[in-house]
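The chain is numbered in sequence order, starting from 1. Because only heavy atoms are used, hydrogens play no part in the values below, and waters and symmetry mates are left out as well, while side chains stay in.
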Amino acid sequence: MAEQQVNITDLDPVQLQEVKKQLDQELDHLTNSYSQLKQAQSKFRSCVENVNSLTPSSKGKEILIPLTSSLYVPGKLTDTENVVVDVGTGYYVKKTKSEAAQHYNSKSTFVQSNLDTLQKTIERKQENVQSVVQVLQMKMQQQQQQAAKA
C-alpha cells in the first residue's frame with residue numbers, strides 16, 4: 001500500500017487532531033519497540049560478559065541452571081571451555097567460549113543497527129507531530145480571530 005502525501009495545512013482542525021492522535025500512537029509503538037530492543041541488546045551484552053567470566057578456576061563451582069525463565073535447578077560447572085547457546089526458536093547449540101562471545105556480539109551489533117534505524121524513525125515522527133501541532137495551533141488562532149471579528 002503506497003503512502004499518500006497530504007499537505008497538513010489543507011486539513012481542518014478535527015482532521016489535524018486525528019492525524020496527531022495517529023502519530024502519537026505510532027510514536028508510542030516505536031518507543032516501546034526501542035525499549036524492548038535496548039533490553040535485548042543488554043541481555044546479549046550480559047551473555048558476552050558471562051561467557052567471558054568463565055575461567056578454568058570456575059570448574060566445579062555450584063551454579064543455578066535455568067530450565068525456564070522462572071525455574072532454576074542446582075548444578076555444578078564441569079566444562080569451562082564450552083557453553084550451550086540459545087540460537088532461537090527453542091534450538092540450542094554447543095559452542096566454544098569464543099564462538100559464543102562472537103555470536104552474542106554479532107547479535108548485539110545487529111540490534112544496534114536496528115536501534116539506530118528506529119531512532120531516526122522516532123525523530124522523524126516527533127518532527128511530524130511538532131508540525132501538526134504548529135499547524136493546529138495556527139488554525140485554532142485563525143478560528144478565534146475570525147470569531148472575534150464576527
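- Under a 3.5 Å cut-off, the side chain of K139 and the backbone N or O of L11 do form a donor-acceptor pair.
- Side chains of Q119 and E123: a donor-acceptor N/O pair is present below 3.5 angstrom, by distance only.
- Here OG1 of T9 is found 13.0 Å from CG of L136. Values are rounded to the nearest 0.5 Å.
- Q41 and L115 get closest at one heavy-atom pair: OE1-CD1, 3.4 Å.
- Distance check, rounded to the nearest 0.5 Å: CD of E49 to CG of L54 gives 12.5 Å.
- With a 6.0 Å radius and a threshold of 12 heavy atoms from other residues, nucleotides or ligands, M140 has its CE atom at or below the threshold.
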Mind running side chain to side chain donor-acceptor pair (under 3.5 Å) on D116 and Q112 for me, showing each step along the way? CA-CA 6 Å; D116 293 342; Q112 184 60 51; 2.8 Å; yes

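- A donor-acceptor pair is defined here as one N or O able to donate and one able to accept, closer than 3.5 Å; such a pair exists between the side chain of T109 and the backbone of N105.
- A distance-only check finds no donor-acceptor pair linking the side chain of S46 to the backbone of S42 [under 3.5 Å].
- Side-chain contact between F110 and N114 is present, with at least one heavy-atom pair separated by less than 4.5 Å.
- A donor-acceptor contact under 3.5 angstrom links the side chains of Q22 and E26, judged on distance only.
- Atom NE2 of H29 sits about 4.0 Å away from atom OG of S33, to the nearest 0.5 Å.
- With a 4.5 Å cut-off on side-chain heavy atoms, K125 and L27 count as touching.
- By the rule that hydrophobic residues join a cluster once side-chain heavy atoms approach within less than 4.5 Å of another member, V19 and V14 end up as members of separate clusters.
- A donor-acceptor contact closer than 3.5 angstrom links the side chains of S58 and T55.
- No side-chain donor-acceptor contact under 3.5 Å links S108 to the backbone of Y104.
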Would M138 and Q134 satisfy side chain to side chain contact (heavy atoms under 4.5 Å, CB included), going step by step from the backbone distance to the final call? CA-CA 6 Å; M138 181 185 72; Q134 288 173 349; over 6 Å; no

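- Of all the heavy atoms in V111 and L37, the pair that sits closest is CG1-O, 3.4 Å.
- Surrounding CD of Q102 are at most 12 heavy atoms belonging to other residues, nucleotides or ligands under 6.0 Å away.
- Closest approach of A101 to N52, counting heavy atoms only: CB-OD1, 4.1 Å.
- Checked options I8, V133, V135; the residue passing with K20 is V133 (criterion: side chain to side chain contact (heavy atoms under 4.5 Å, CB included)).
- Considering CG of L16 and OG of S131, their distance stands at 11.0 Å, rounded to 0.5 Å.
- Under the 4.5 Å side-chain heavy-atom criterion for grouping Ile, Leu, Val, Met, Phe, Trp and Tyr, L67 is not connected to L64 through any hydrophobic cluster.
- Taking CD of Q141 as the start and CD of Q137 as the end, the distance is 7.0 Å to the nearest 0.5 Å.
- The distance from atom CD1 of I122 to atom CD of E127, rounded to the nearest 0.5 Å, is 12.5 Å.
- Sorted by first then second residue, the salt bridge (Lys or Arg N to Asp or Glu O under 4.0 Å) pairs that include residues 93-103, not counting sequence neighbours, number zero.
- Residues K76 and I63 are not in side-chain contact: their nearest non-hydrogen atoms beyond the backbone lie 4.5 Å or more apart.
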Please list, one pair per line, the donor and acceptor atoms closer than 3.5 Å that link side chains of residues 80-92 to other protein atoms, with sequence neighbours excluded.
{"from": "N82", "atom 1": "ND2", "to": "D79", "atom 2": "OD2", "distance (Å)": "3.0"}
{"from": "D86", "atom 1": "OD1", "to": "G88", "atom 2": "N", "distance (Å)": "2.9"}

